[in-house]
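Everything on this sheet refers to the single structure shown next.
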Amino acid sequence: HVQLVESGGGLVQAGGSLRLSCAASGLAFNIYSMGWFRRAPGKEREFVAVLHWSGGATNYAGSVKGRFTISRDNAKNTVYLQMNSLKPEDTAVYYCNAHARMVLGLRYLELWGQGTLVTVSS
């Protein structure tokens with residue numbers, strides 16, 4: 001059993017910053033990637049950023065590139081999303097996503113966090 005626990009959402013004014021955290025914990029597993037998606041009110045869930053565990057390559061949605069930075073702490077199996085220059089259109093529930101494989105049994109997992117609300121006021 002592996003789970004993702006998110007933290008760090010909240011209310012911020014436009015132009016401000018927030019940092020989201022997502023920690024993976026549970027039975028022994030190997031992470032392939034961890035990333036973030038978001039769902040704005042009335043819209044479908046969309047990709048935000050991903051970090052590939054082997055090698056550390058990152059990818060970003062065009063709408064956040066240059067403003068958001070995804071990073072990790074290997075020892076803590078934690079990924080962070082530093083969000084700068086926030087805009088009202090960044091308001092959404094942010095979901096952590098992970099792809100992993102159990103060490104015992106090699107079962108492939110795609111995991112989702114519970115979501116954390118980010119509200120950017122104008």
Seminar exercise, completed: Heavy atoms of E6 and Y94 approach each other most closely as OE1-O, 3.1 Å
For this session: Scan residues 51-122 for pairs that pass disulfide (SG to SG under 2.5 Å), counting only residues two or more places apart or in two chains.
Result: C22-C96
Problem set entry | Exceeds 12 heavy-atom contacts within 6.0 angstrom, atom CZ of R101 | yes
Exercise. How about V118 and M83: do any of their side-chain heavy atoms sit closer than 4.5 Å?
Worked result: yes
Problem set entry | Partner of V93 under side-chain contact (heavy atoms from CB on, under 4.5 Å), chosen from T116, L117, T119 | L117
For this session: Measure the CG-OG distance between L86 and S121 for me, rounded to the nearest 0.5 Å.
Result: 10.0 Å
Exercise. Under a single-linkage definition using a 4.5 Å side-chain heavy-atom cutoff for Ile, Leu, Val, Met, Phe, Trp and Tyr, are L109 and W36 assigned to the same hydrophobic cluster?
Worked result: yes
Exercise. Looking only at heavy atoms, what is the nearest atom pair of A100 and F29, with distance?
Worked result: CB-CD1, 4.3 Å
Exercise. So Y95 and Q114, side chain to side chain contact (heavy atoms under 4.5 Å, CB included) or not? Walk me through it.
Worked result: CA-CA 7 Å; Y95 296 92; Q114 79 279 9; over 6 Å; no
Side chains of residues 41-49: which donor-acceptor pairs under 3.5 Å do they make with residues two or more places apart or in other chains?
residue	atom	partner	partner atom	Å
E46	OE2	R38	NE	2.6
E46	OE2	R38	NH2	3.1

For residues 64-72, run the donor-acceptor check on the side chains, cut-off 3.5 Å, and write out each pair with its distance to 0.1 Å, sequence neighbours left out.
residue	atom	partner	partner atom	Å
R67	NH1	S85	O	2.9
R67	NH1	D90	OD2	2.7
R67	NH2	S63	O	2.9
R67	NH2	D90	OD1	3.0
R67	NH2	D90	OD2	3.4
R72	NE	N74	OD1	3.2
R72	NH1	W53	O	2.4
R72	NH2	W53	O	3.3

For this session: Say whether L51 and L18 are linked into one hydrophobic cluster, either directly or through other cluster members, by side-chain heavy-atom distances under 4.5 angstrom.
Result: yes
Exercise. Quick one: do V79 and Y32 end up in the same hydrophobic cluster if we chain Ile, Leu, Val, Met, Phe, Trp and Tyr together by side-chain heavy atoms under 4.5 Å apart?
Worked result: no
Exercise. Do N30 and M102 come within less than 4.5 Å of each other through their side chains, counting heavy atoms only?
Worked result: no
Problem set entry | Minimal non-hydrogen separation, P88 against S122, with atom names | CG-CB, 3.8 Å
Exercise. Do N84 and S17 get their side chains close enough for a donor-acceptor pair, meaning under 3.5 Å?
Worked result: yes
For this session: Tell me, yes or no, whether the heavy-atom count around E110 atom CD, taken from other residues, nucleotides or ligands under 6.0 Å, exceeds 12.
Result: yes
Exercise. Taking side chain as C-beta onward, heavy atoms only, is Y60 less than 4.5 Å from V50?
Worked result: no
Problem set entry | Closest non-hydrogen atom pair, G9 against L20 | N-CD2, 3.6 Å
For this session: Begin from the C-alpha positions of M34 and N77 and carry the test side chain to side chain contact (heavy atoms under 4.5 Å, CB included) through to its verdict.
Result: CA-CA 9 Å; M34 291 184 74; N77 286 330; 5.6 Å; no
Exercise. Is it the case that R19 places NZ or CZ above or below the six-membered ring of Y80, under 6.0 angstrom from the centre and within 45 degrees of the axis?
Worked result: yes
Exercise. Heavy-atom count around L106 CG within 6.0 Å, excluding the residue itself: above 12?
Worked result: yes
For this session: Evaluate side chain to side chain contact (heavy atoms under 4.5 Å, CB included) for N97 paired with L111, printing each intermediate quantity in order.
Result: CA-CA 6 Å; N97 171 263; L111 305 167; over 6 Å; no
Exercise. Side chains of H52 and N59: does their closest heavy-atom pair fall under 4.5 Å?
Worked result: yes
